[in-house]
Amino acid sequence: MSEYRLNTKCVQGGYTPGNGEPRQIPIVQSTTFKYNTSEDMGKLFDLEASGYFYTRLQNPTNDYVAAKIAELEGGTAAMLTSSGQAANFFALFNICENGGHIVSSSSIYGGTFNLLDVTMRKMGIEITFVSPDATEEELNAAFQPNTKAVFGETIANPALTVLDIELFAKAAHAHGVPLIVDNTFPTPVHCRPIEWGADIVTHSTTKYMDGHGAAVGGAIVDSGKFDWMAHADKFPGLCTPDESYHGITYAEKFGKEGAFITKATAQLMRDLGSIQSPQNAFYLNLGLESLHVRMARHAENGQAVAEFLTTCDQVSKVTFSGLKSDKYYERAQKYLPNGGCGVVSFELKGGRAAAEKFMKNLKLAAIETHVADARTCCLNPATSTHRQMSDEQLAAAGIPAGLIRLSCGLEDAADLIDDIKQALAAI
Ligand SMILES: *Cc1c(COP(=O)(O)O)cnc(C)c1O
């Protein structure tokens, strides 16, 4: 499939049926796989042969879909996980253990921030957060001798900052570590971080990739470009024998192209077991088949709604990197030339009360904690995810009480704008 263009890969990547085989990806609804001899199965356990033995480690349905995502991102190997949280945890923990250190952009998804700042700290991993707008000097100053990875989000959820992927990759590589980029919001349709120097790409497939609010899931893609052996002292898990796998050295046996995903499957899936169900992988693939068509419309609707909001008296600020007035416009022109995603955030002058009234009066946009769905949805952090905080605390955290995150779906943009108009009039 590598010879085809992205739109074709969305539709037909990952799975090519043989003569008389199912046209659609089969759901292999089986926990286990049958072998004729113990010797056959032994080869799989020793990673001497590739094949399936237990769905906690690998399943054909998942592998077809992971292969499609790898093709879309331009990577050499990929795996599906049960959620985006599991994808980011596995991607980091695969190379950073107790005693290690991660440099991360501070502008990331709340769940990932918590994973790093609370749970991974409890595991003995140190984190240094840097601004997504850090200069090269500021980035370089964040590294320590025990740094194992740099992390950021292409378009951050919910702040909508745009990551300078090339700069973050340059700093990571200067210190002999990979850059891991969560590419959930733009998807590979609008940005392929590997082309800008990222080494590992992660996804919450729950968002645009599924796109229909149907299945929670995640994915990890390896670019196959990072030379683990050249930095063997930093990555003993990949570059020294794994005694729990009969002394295999992943980076030697599977090379740059396969070591990272093989280790994450053989060790982390085996021990932590956050596999995506084959049924959910099937739903995910249905979403991927139209991803290129949907992303264009999401971005178009986001642009139309953002532009309309800038004309409204009751709105004090609109954040959307497709607006010329946006802080990230220039960077988005470089990394997201065809648009980013459909998520817009804006601030109502009337604060918390106005936001509450506005959202109550929306007819098409539903109040949800979800984003990146075919159906438009919205959230006011002050009255939902952050409702325990006072207006003063919210302002200090950079989340004004009147802030609304609006995830533009695939409806007619004119209907979305009419809906916003009538809800603003009701305030
Ligand atoms: C939602 C989200 C996650 C977490 O994904 P889940 O599938 O909900 O576990 C991670 N990163 C980003 C950017 C997200 O939007």
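Both counts, for ligands and for their atoms, begin at 1 and track the order of listing.
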Ligand 1 N/O within reach of S204 N/O, cut-off under 3.5 Å: yes
D164 versus Y328, side-chain donor and acceptor atoms under 3.5 Å: no
Distance from atom 12 (C) of ligand 1 to nearest protein heavy atom, with residue and atom: D182 OD2, 3.5 Å
Step-by-step ring pair (Phe, Tyr, Trp, His ring centres under 6.0 Å) determination, F143 to H101: CA-CA 8 Å; F143 287 82; H101 171 251; 7.7 Å; no
Element-labelled atoms of ligand 1 that are located less than 4.0 Å from some non-hydrogen atom of N157: 14 (C), 15 (O)
Close approach, G217 and ligand 1, non-hydrogen under 4.0 angstrom: yes
Closest approach of any protein heavy atom to atom 15 (O) of ligand 1, naming residue and atom: K207 NZ, 2.6 Å
For E153, the ligand 1 atoms whose distance to one of its heavy atoms is below 4.0 Å: 13 (C)
Check: N285/Y15 side-chain N/O donor and acceptor closer than 3.5 Å: no
Check: F129 ring centroid to F113 ring centroid under 6.0 Å: yes
Sub-6.0 Å ring centroid separation between F185 and H190: no
Heavy-atom side-chain contact between W228 and I95 under 4.5 Å: yes
Contacting atoms of ligand 1, where contact means under 4.0 angstrom from a heavy atom of Q85: 4 (C), 5 (O), 6 (P), 9 (O)
Shortest protein heavy-atom distance from atom 6 (P) of ligand 1, along with the residue and atom involved: G84 N, 3.4 Å
Within-4.5 Å side-chain heavy-atom neighbours: Y250 and Q267: yes
Ligand-side contact atoms (ligand 1) for residue partner T206, heavy atom cut-off under 4.0 Å: 6 (P), 7 (O)
